[in-house]
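One structure below.
What you see is a predicted model; the values in this text were computed from it and never measured. This chain uses plain numbering: 1 for the first residue, then up along the sequence. All ligand and atom numbering here is 1-based and tracks the order in the structure.
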Amino acid sequence: MKAQNNPPTSVYGVLQQNEASSDIDETVEQILNIGYAVIDAGLSRSCLEALSLAFQNTRERYIQNFGADNLKQLGEYHTIRSLLTLGGTPFVNLALNTTLIKIIEKLIKGKFQLNQQNGLINPPKENYNQGSWHRDLPYQHFTSSSPLAINALFCMDDFTFSNGATYVLPASHKTENLPSSNYIQKNAIQIEAKAGSFIILDCMLFHAGGFNTTNIERRAINHVFTIPYFKQQINIPSNITEPENLTDKAKEILGFNYLVPNSIADYFKSRTTVKT
Ligand SMILES: O=C(O)CCC(=O)C(=O)O
């Protein structure tokens with residue numbers, strides 16, 4: 001429960017305190033401490049509408065290409081894999097959102113790359129493949145002193161209590177096990193957020209999509225950023241259209257500098273251009 005009065009501002013017996021001198025610093029501090037935060041991506045209404053339309057168009061082409069029955073059989077009907085390699089610029093720009101990248105740069109020490117960007121559809125009144133508690137590094141039960149992977153879940157639509165807004169277990173990125181069932185029921189928090197927000201999660205934070213009790217789909221786009229030692233879910237550099245239009249920094253974030261060399265000679269060539 002939130003206190004009614006402001007918390008005290010005085011301290012005693014404290015030798016060390018964090019400093020946060022900007023909104024970005026405060027967001028970073030919150031993610032480090034409790035594992036999640038919400039930010040506004042700063043998109044205009046028209047930009048958000050264009051993105052929403054691009055999402056729908058890409059989804060239609062995706063279903064035509066891979067087949068609805070096939071996708072359903074694979075448990076993939078409510079996901080659009082590697083959205084940025086299919087839908088192009090609007091999704092590339094979203095993954096490279098300036099504020100988001102500043103936050104990721106402060107959270108993941110050293111180099112990082114985009115591991116995956118997927119469209120997610122939480123269907124009305126139906127179970128959903130993201131609706132079970134999980135980490136975004138699944139099957140992993142270690143803790144790390146600084147984040148190795150961060151998920152930025154973009155809200156394509158408003159996230160509300162009734163349409164299945166994401167549940168999180170605060171600070172669970174700091175413990176190895178999934179907490180007990182009763183602990184989950186008592187401590188889980190559901191995050192309401194406006195369309196155009198990023199819900200940023202430490203990937204080791206346990207979280208789950210909520211059940212969508214409305215009649216309308218709730219759409220999102222997830223972005224997992226990782227240290228470059230983790231392989232991408234789908235090879236982005238090989239599949240992106242018009243790579244010649246990307247800046248060097250964009251290429252680095254999209255993984256162009258971290259391709260697995262095919263041979264020792266290729267490895268040596270990569271050492272002459274990039275130091276990781
Ligand atoms: O759709 C949601 O609310 C959760 C998405 C999710 O679990 C994920 O991106 O890993």
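Residue contacts with ligand 1 for His223 are absent, since no atom lies close enough (heavy atoms, distance under 4.0 Å). Of all the heavy atoms of Asn118, none lies under 4.0 Å from any atom of ligand 1, so neither backbone nor side chain is involved. With a 4.0 Å heavy-atom cut-off, ligand 1 is reached by the side chain of Leu120 but not by its N, CA, C or O. Counting heavy atoms closer than 4.0 Å to ligand 1, residue Asp136 contributes side-chain atoms (C-beta onward) but none from N, CA, C or O.
Scanning both residues, Leu148 and Phe142, for their nearest heavy atoms gives CD1-CE1, 3.9 Å.
Note on Leu201: it does not cluster hydrophobically with Phe198, by side-chain heavy-atom contacts below 4.5 Å among ILVMFWY residues.
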**Message:** Walk me through whether Phe256 and Asp248 qualify under side chain to side chain contact (heavy atoms under 4.5 Å, CB included).
**Reply:** CA-CA 9 Å; Phe256 282 72; Asp248 285 348; over 6 Å; no

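Within the structure, ligand 1 lacks Tyr167 among the residues with a heavy atom less than 4.0 angstrom away. In this structure, Asn122 does not count as a contact residue of ligand 1, since none of its heavy atoms falls inside 4.0 Å of the ligand.
Atom CD1 of Ile234 has more than 12 heavy atoms from other residues, nucleotides or ligands within 6.0 Å. Counted within 6.0 Å of CD on Glu19, heavy atoms from surrounding residues, nucleotides or ligands total 12 or fewer; the atom is thus considered open.
Across Asn97, Ile200, Asn115, Leu114, a single residue satisfies side chain to side chain contact (heavy atoms under 4.5 Å, CB included) together with His223, and that is Leu114.
From the protein, the heavy atom lying nearest to atom 8 (C) of ligand 1 is Gln130 OE1, 3.4 Å. When hydrogens are left out, the protein atom nearest atom 2 (C) of ligand 1 is Arg218 NH2, 3.4 Å; that is the closest non-hydrogen contact. In this structure, atom 3 (O) of ligand 1 lies nearest to the protein heavy atom Thr166 OG1, 2.7 Å.
Under a 4.0 Å criterion applied to the non-hydrogen atoms of Asn222, ligand 1 contributes the atoms 9 (O). Every atom of ligand 1 is numbered from 1 in the order shown, and the set under 4.0 Å from a heavy atom of Tyr128 is 1 (O), 2 (C). Each of the following atoms of ligand 1 lies closer than 4.0 Å to a heavy atom of Asn151: 8 (C), 9 (O), 10 (O).
With 3.5 Å as the limit, one finds no donor-acceptor pair spanning the side chains of Asn222 and Gln130. Using modelled atom types and a 3.5 Å distance limit, the side chains of Thr160 and Arg218 yield no donor-acceptor pair.
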